[in-house]
Amino acid sequence: MGRLGQILSAQHEQVLEAWLRRLDAPGETKPGRTTSPGLLRVELAALLRALTDAFLAGEGGVSGEPFAAIEAQATAMSAARARDGFTPMETASLLMSLKDAAAEVVRREAAAGPEHPAEILAPFGAAVDRLALVTFAAFVETRERLIERQSRALLDLATPALPIWQRIVLMPLVGIIDTQRARQIMERLLDALGREEASIAILDVTGVPVIDSRVALHLTRTVEAARLLGARVVVTGISPDAAQTLVKLDVTLTSMITRGTLRAGLAEAFRLLREEVRPNPTEAGL
């Protein structure tokens, strides 16, 4: 491994140029297609330098401490490329092309030496193969994080809690309501009631495509939880078809104030609000 490190150190620029040429060669994939040439050169040069230093150290092979730092470097590069829209095949191809680039230089430099070039290159091939696997794992992990983050953002957009009047909060719901989202609806509504010091909430389900017994149960629990905070909930937007379905399913909605449209629900909210602010006849001396 020491001999390999010496060759890579002495021929750093040649190996790097050969690597970049291979990335520009005609082919089915262009691993560096949208990265700026300057940035790509800096990233590849840093990775090649780290590999060279690890082989110069010559201890531990691909499982040694120096190589762990290279894996971290490759992981960061793969994660950045995943965020930029590169596929795992493009990133793996970028790394795998280093083997051919290094072999080209090592064969030339080792031709007059006692060691066969294949023996010198063997640990380098193993190192690049391992880095390719590391970058693939990093890509998958990064994509999963991106998908999770986007899912949370979509849930946030689909579950807004809007203060539309003093002490009135509106939550228009759009999309499927499952157990996880039902829990989020309840949390956000209760938070909004406390934050806005609201006593009335309007849950508009016009944008919910399916209202079955499960959704009705979730809504009932949300209404009960709001009631424990001293708030009343008006549910609007239940379609005639959904109403018939709920009747057939024998779901009890007696604790829930319902109105057919958002406009009717808003009128009901103002009526409830007037009841709250109306003075007690006894206290007013009437």
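Computed from a predicted structure; not experimentally measured. Only heavy atoms go into these numbers, but all of them, side chains included; no hydrogens, no water, no symmetry mates. Just so you know, residue 1 is the first one in the sequence shown, and it goes up from there.
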I need the minimum non-hydrogen distance between [X] and [Y], along with the two atoms involved.
X: A192; Y: A161; answer: CB-CB, 3.6 Å
X: G265; Y: V234; answer: CA-CG1, 3.9 Å
X: H12; Y: A45; answer: CE1-O, 3.6 Å
X: A50; Y: I70; answer: O-CD1, 3.4 Å
X: A231; Y: L193; answer: CB-CD1, 3.8 Å
X: A182; Y: I177; answer: CB-CG2, 4.0 Å

Look at [X] together with [Y] and state whether they make a salt bridge at an N to O cut-off of under 4.0 Å.
X: R221; Y: E224; result: no
X: R21; Y: E104; result: yes
X: R49; Y: E43; result: no
X: E17; Y: R22; result: no

Please report the interatomic distance [atom1]([X]) to [atom2]([Y]), rounded to the nearest 0.5 Å.
X: S9; Y: L48; atom1: OG; atom2: CG; value: 9.5 Å
X: L170; Y: L266; atom1: CG; atom2: CG; value: 8.0 Å
X: L273; Y: I200; atom1: CG; atom2: CD1; value: 4.5 Å
X: E109; Y: L8; atom1: CD; atom2: CG; value: 10.5 Å
X: T179; Y: L217; atom1: OG1; atom2: CG; value: 9.0 Å
X: L131; Y: L98; atom1: CG; atom2: CG; value: 8.5 Å

In the structure I gave you, are the side-chain heavy atoms of [X] and [Y] within less than 4.5 Å of one another anywhere?
X: V134; Y: S78; result: no
X: L95; Y: D129; result: no
X: V174; Y: V208; result: no
X: L272; Y: E268; result: yes
X: L203; Y: L219; result: yes
X: L23; Y: L44; result: yes
X: L4; Y: T52; result: no
X: L47; Y: M77; result: yes

Same cluster or not: [X] versus [Y], using hydrophobic residues (I, L, V, M, F, W, Y) connected whenever any side-chain heavy atoms lie under 4.5 Å apart?
X: L229; Y: L189; answer: yes
X: M186; Y: M256; answer: yes
X: I257; Y: I164; answer: yes
X: V42; Y: L51; answer: no
X: I202; Y: L162; answer: yes

For residues 193-204, which residue pairs qualify under side-chain hydrogen bond (donor to acceptor under 3.5 Å, both in side chains), counting only residues two or more places apart or in two chains? S199-E276, D204-T206, D204-T236
Audit row: E187, R181, salt bridge (charged side-chain N to carboxylate O under 4.0 Å, His left out) steps and yes/no: CA-CA 10 Å; E187 291 174 356; R181 191 172 177 221; over 6 Å; no
Main-chain N/O of A132 paired with T135 side-chain donor or acceptor, under 3.5 Å: yes
Would you confirm whether W19, through its side chain, and L94, through its main-chain N or O, come within 3.5 Å as a donor-acceptor pair?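 Between the backbone of L94 and the side chain of W19 there is a qualifying donor-acceptor contact (under 3.5 Å).
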Residues at least two apart in sequence or cross-chain that pass ring-ring contact (aromatic ring centres under 6.0 Å, His included) with F270, listed by chain then number, are W165
Donor-acceptor pairs under 3.5 angstrom involving side-chain atoms of residues 138-149: please list them, not counting sequence neighbours.
residue : atom : partner : partner atom : Å
E141    : OE2  : R145    : NH2          : 2.6
T142    : OG1  : A138    : O            : 2.8
E148    : OE2  : R152    : NH1          : 3.2

Go through the steps to decide whether I185 and H218 satisfy the test side chain to side chain contact (heavy atoms under 4.5 Å, CB included), and finish with yes or no. CA-CA 9 Å; I185 289 171; H218 291 319; over 6 Å; no
